[in-house]
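Worksheet for the structure shown next.
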Amino acid sequence: MRENVDLLRGTLDLFILKTLTWGPMHGLAISRWIENASKSQLQIEEGALYPALHRLEQRGLLSAEWGLTEGNRQAKFYKLTSRGRKQFATQLATWERYTKVAAMLLGARGVEATV
């Protein structure tokens with residue numbers, strides 16, 4: 001049995017920005033890409049996804065325009081702005097430093113005391 005991973009606070013924006021590095025996508029496509037890339041370990045609910053997309057758009061990290069999906073339905077397509085690409089690079093570097101330190105701490109053995 002595979003358990004889903006809970007979304008850590010603050011990571012959804014990073015995951016959305018990463019997803020959009022592949023090009024413009026509508027909300028459902030973003031959600032599906034995250035689910036597929038995580039091998040179904042992470043599923044983003046609409047109640048979290050769309051507020052995050054709107055927040056990122058308001059911050060100037062995404063732009064959006066209406067278009068047609070593969071199924072010929074109207075949808076809002078989101079795309080990274082240049083500011084969004086810079087923000088993604090900054091957040092990714094921070095995340096990589098954080099996970100490196102977390103791995104060191106969680107893999108540490110024993111206690112080293114410094115006086």
Side-chain angles (χ1 to χ4, degrees):
M1 180 171 108
R2 187 183 302 178
E3 293 183 28
N4 288 336
V5 175
D6 288 334
L7 187 64
L8 296 174
R9 186 175 172 201
T11 57
L12 180 56
D13 290 1
L14 178 64
F15 295 158
I16 290 171
L17 295 175
K18 167 60 180 174
T19 303
L20 293 173
T21 64
W22 302 109
M25 291 185 198
H26 55 82
L28 182 58
I30 292 168
S31 178
R32 285 184 180 159
W33 188 90
I34 292 170
E35 184 176 343
N36 290 335
S38 71
K39 297 183 177 18
S40 298
Q41 295 290 312
L42 188 60
Q43 297 174 353
I44 308 301
E45 302 294 328
E46 286 184 27
L49 178 65
Y50 289 100
L53 288 169
H54 296 143
R55 183 177 61 251
L56 292 169
E57 187 179 7
Q58 287 175 344
R59 291 176 52 202
L61 304 179
L62 304 180
S63 61
E65 60 183 48
W66 289 95
L68 294 176
T69 67
E70 307 80 31
N72 213 25
R73 299 181 88 176
Q74 279 280 346
K76 199 171 189 182
F77 283 77
Y78 297 89
K79 143 178 142 171
L80 281 177
T81 62
S82 59
R83 184 174 173 187
R85 287 192 184 282
K86 289 176 189 170
Q87 181 67 22
F88 171 68
T90 299
Q91 284 186 327
L92 180 60
T94 300
W95 181 255
E96 288 172 342
R97 282 191 310 274
Y98 176 81
T99 57
K100 183 178 177 182
V101 170
M104 282 191 304
L105 289 170
L106 295 172
R109 299 186 184 264
V111 176
E112 290 185 23
T114 56
V115 181

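This chain uses plain numbering: 1 for the first residue, then up along the sequence. Just so it is clear, the values below take in all heavy atoms, side chains as well, and ignore hydrogens, waters and symmetry mates.
- The cluster map of Ile, Leu, Val, Met, Phe, Trp and Tyr, joined by side-chain heavy atoms under 4.5 Å apart, puts Leu42 and Trp95 in the same cluster.
- Atoms CG and CZ, from Leu61 and Arg55 in turn, are 10.0 Å apart once rounded to the nearest 0.5 Å.
- Atom CD of Gln74 has more than 12 neighbouring heavy atoms from other residues, nucleotides or ligands inside a 6.0 Å radius.
- Looking at heavy atoms from C-beta onward, Leu56 lies out of side-chain contact with Tyr78 at the 4.5 angstrom threshold.
- Note that OG1 of Thr21 is 5.5 Å distant from CZ of Phe88, once rounded to the nearest 0.5 Å.
- Annotation: the span from Ile44 atom CD1 to Tyr50 atom OH amounts to 12.0 Å, rounded to 0.5 Å.
- Taking CD of Gln43 as the start and CG of Leu49 as the end, the distance is 13.0 Å to the nearest 0.5 Å.
- The hydrophobic clustering, which links ILVMFWY residues whose side-chain heavy atoms are closer than 4.5 Å, places Leu20 and Phe77 apart.
- Counting heavy atoms of neighbouring residues, nucleotides and ligands inside a 6.0 Å radius, atom NZ of Lys79 does not exceed 12 of them.
- Closest approach of Ile16 and Ala52 over heavy atoms only: CD1-CB, 3.7 Å.
- Trp33 and Trp22 have tilted rings, their planes meeting at an angle from 30° to 60° on a 0 to 90° scale.
- Under a hydrophobic clustering in which Ile, Leu, Val, Met, Phe, Trp and Tyr are joined whenever their side-chain heavy atoms come within less than 4.5 Å, directly or via other members, Leu14 and Tyr98 fall into the same cluster.
- The backbone N or O of Thr90 lies less than 3.5 Å from a partner atom in the side chain of Thr94, making a donor-acceptor pair.
- Note that the CG atom of Leu53 and the CG atom of Leu62 stand 6.5 Å from one another [nearest 0.5 Å].
- In this structure, the side chain of Thr19 engages the main chain of Phe15 through a donor-acceptor pair within 3.5 Å.
- Cluster annotation: Val101 and Leu92 are assigned to distinct hydrophobic clusters (Ile/Leu/Val/Met/Phe/Trp/Tyr, side-chain heavy-atom contacts under 4.5 Å, transitive).
- Expressed to the nearest 0.5 Å, how far CG of Asp13 lies from NZ of Lys18 amounts to 16.0 Å.
- Closest of all the heavy-atom pairs between Gly60 and Thr81 is O-OG1, 2.7 Å.
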Dump the intermediate steps for side-chain contact (heavy atoms from CB on, under 4.5 Å) on His26 and Glu70, then the final yes or no. CA-CA 11 Å; His26 55 82; Glu70 307 80 31; 3.9 Å; yes
